[in-house]
2 protein chains.
Amino acid sequence: MNSDFTLAIHSLTLLALQPGRMTTSDAIADSAGVHPVRIRKVLALLKKHGFIKSKEGTGGGFIFALGLNEVNLWDIYKLTSEGAIQPKCPDSNEKCVVGAHMQKVLFAIFQGAEEHLGEFLKHYSIKQLVDLIKQEKENCE
Amino acid sequence: MNSDFTLAIHSLTLLALQPGRMTTSDAIADSAGVHPVRIRKVLALLKKHGFIKSKEGTGGGFIFALGLNEVNLWDIYKLTSEGAIQPKCPDSNEKCVVGAHMQKVLFAIFQGAEEHLGEFLKHYSIKQLVDLIKQEKENCE
DNA sequence: CTATCTATAATACTTTATAGTACAGTTAAC
DNA sequence: GTTAACTGTACTATAAAGTATTATAGATAG
């Protein structure tokens, strides 16, 4: 899966740890190890869907718009990566029974698979991620 | 997901429809719409893991080595695409709490997610794919 | 009115996926 | 035993996708 998902989760988790105050795209980019412009694209997407708010100008930045329990991994997956588990299908030979129908059959199966995946990802909220990160940190000390 | 999965499934389904006789890589490549060399790489993988057998020389080709119910989508996913649903993680900043631990946390979650996906994919055998293809064909007539 | 931010378009670069070429090895049939 | 039809695989070339970078415009606080 592409890294936009990771960057979105990373951003949200970071914002979750800075409640009530603005965090700049530069700070997030630095933490995530990518270019600020890249993270802003991801942040723009999160903003567009109401997960975060932003403010321009001095003292501006990004901040969580919802409760930490109101956002889960499935929400973000849908936003950044929907369809990502669909196996790529080269344009196959329409004259062949298999070639003509394989794409449609696999597509239907993997739509089901993605929904199934969704049920799993829904169990992880940003709140839980924050807890897991903290737990992981403790294990390292 | 990469198209090796699709090519492998495509190949197996085609072989399933040619029981008891050899099918050449050229025929499979033609049906799948890719270069014969490419399909041979996929077929080599399937052979290595005992799903198909091959024979060189005139009249040679590939043939199913197992029962059609003994192979399912999860088997092939593991072979061609294991880890594919793991979101890519850029090397993040180790000095930041989030950066330092996000990768490990997400990796663990998506390992669980992939197992969960496996439970779903296990329900589809090559036999069932053949049936679905036939059904799809009938719907088009 | 300047420094600090977001927003976004456009371009360059890097990595990955795929196609294609070339050639060696195997086998059946003539 | 030579030829045509195959598999097997290393290597190179091309296309596509992902990512970084530059440039520039607009907003806001002090």
Side-chain angles (χ1 to χ4, degrees), chain A residues 1-8 10-11 14-15 18 21-49 51-65 80-93, chain B residues 1-8 10-11 14-15 18 21-49 51-65 80-81 83-84 86-93:
Chain A
M1 199 197 309
N2 86 34
S3 63
D4 282 4
F5 174 84
T6 305
L7 294 176
H10 193 119
S11 302
L14 200 65
L15 292 182
Q18 316 282 335
R21 76 159 184 264
M22 290 286 177
T23 306
T24 68
S25 58
D26 273 31
I28 302 173
D30 181 50
S31 166
V34 297
H35 199 278
V37 172
R38 171 112 182 273
I39 211 83
R40 272 186 230 136
K41 278 179 202 158
V42 174
L43 292 166
L45 192 66
L46 291 172
K47 181 187 174 185
K48 186 178 159 195
H49 287 82
F51 295 111
I52 61 177
K53 286 182 285 193
S54 74
K55 198 179 162 194
E56 301 185 14
T58 305
F62 298 85
I63 194 167
F64 233 103
T80 62
S81 312
E82 189 157 38
I85 72 164
Q86 284 287 347
K88 279 186 198 152
C89 290
D91 293 340
S92 49
N93 189 342
Chain B
M1 197 197 309
N2 85 35
S3 62
D4 282 5
F5 174 84
T6 304
L7 294 177
H10 193 120
S11 302
L14 200 65
L15 293 182
Q18 316 283 334
R21 76 159 184 265
M22 290 287 178
T23 307
T24 68
S25 58
D26 272 31
I28 303 172
D30 180 50
S31 166
V34 297
H35 199 279
V37 171
R38 172 109 183 274
I39 211 83
R40 273 186 232 139
K41 279 179 203 158
V42 174
L43 291 167
L45 191 66
L46 291 172
K47 181 186 174 184
K48 186 179 158 195
H49 288 82
F51 295 111
I52 59 177
K53 286 182 286 195
S54 73
K55 198 179 161 196
E56 301 185 13
T58 304
F62 298 85
I63 194 166
F64 232 103
T80 62
S81 313
Q86 284 289 346
K88 279 188 199 150
C89 289
D91 293 341
S92 51
N93 190 342

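Side chains are part of it too, since the values below use all heavy atoms of this structure and drop only hydrogens, waters and symmetry mates. Naming convention: chains lettered A, B, ... in sequence-line order (proteins, then strands); numbering from 1 in each chain.
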Can you check the B:Met1 CE to C:dA17 C1' distance for me, whole Å? 15 Å
Atom-to-atom span, CG of A:Leu7 to P of D:dT19 - whole angstrom: 8 Å
C:dT4 OP1/OP2 closer than 4.0 Å to side-chain N/O of A:Lys55: no
Whole angstroms only, please: what is the NZ-P distance between A:Lys41 and D:dT21? 12 Å
Write down the distance between CD (B:Glu56) and P (D:dC6), rounded to a whole number of angstrom. 13 Å
Identify, with sequence neighbours excluded, every residue that meets ring-ring contact (aromatic ring centres under 6.0 Å, His included) alongside B:Phe5. A:Phe110
More 5' along DNA chain C: A:Gly60 or A:Val37, using each one's nearest nucleotide? A:Gly60
Could you grab the distance from atom CE of B:Met22 to atom CZ of B:Phe62, nearest 0.5 Å is fine? 9.0 Å
Determine, stepwise, if the pair A:Leu7 / A:Thr80 fulfils side-chain contact (heavy atoms from CB on, under 4.5 Å). CA-CA 10 Å; A:Leu7 294 176; A:Thr80 62; over 6 Å; no
According to a strict under-4.0 Å criterion, is B:Ser54 in side-chain N/O contact with OP1 or OP2 of D:dC6? no
Gap between atoms CZ and P, on B:Arg40 and C:dA24 respectively (whole Å): 15 Å
To the nearest Å, how far apart are A:Asp26 CG and C:dC5 P? 7 Å
Contact under 4.0 Å: B:Ser3 side-chain N or O vs C:dT18 OP1/OP2: yes
Short side-chain N/O contact to C:dT26 OP1/OP2 from B:Thr58, under 4.0 Å: no
Taking atom CG of B:Leu46 and atom NZ of B:Lys41, what is their separation to the nearest 0.5 Å? 14.5 Å
Comparing B:Gly59 and B:Lys88 on DNA chain C - which has the more 5′ nearest nucleotide: B:Lys88
5'-most by nearest nucleotide on DNA chain D - A:Asn2 or B:Phe62: B:Phe62
Give me the one residue out of A:Arg40, A:Arg38, A:His35 that meets side chain to side chain donor-acceptor pair (under 3.5 Å) with A:Ser25. A:Arg40
Categorize B:Lys47 for me: base, sugar-phosphate, or nothing, with a 4.0 angstrom heavy-atom threshold over every strand shown. sugar-phosphate
Would you say A:Thr24's side chain and A:Ala27's backbone share a donor-acceptor pair under 3.5 angstrom? yes
Could you give the distance from CD1 (A:Ile28) to CG (A:Leu43), rounded to the nearest 0.5 Å? 4.5 Å
note: B:His35, atom NE2; C:dA22, atom C1'; distance rounded to Å ~ 11 Å
Under 3.5 Å for both pairing distances: what stems, at least three Watson-Crick or G-U pairs long, include DNA chain D? C:1-30 with D:1-30
To the nearest angstrom, how far is B:Asp91 atom CG from D:dT19 atom C1'? 14 Å
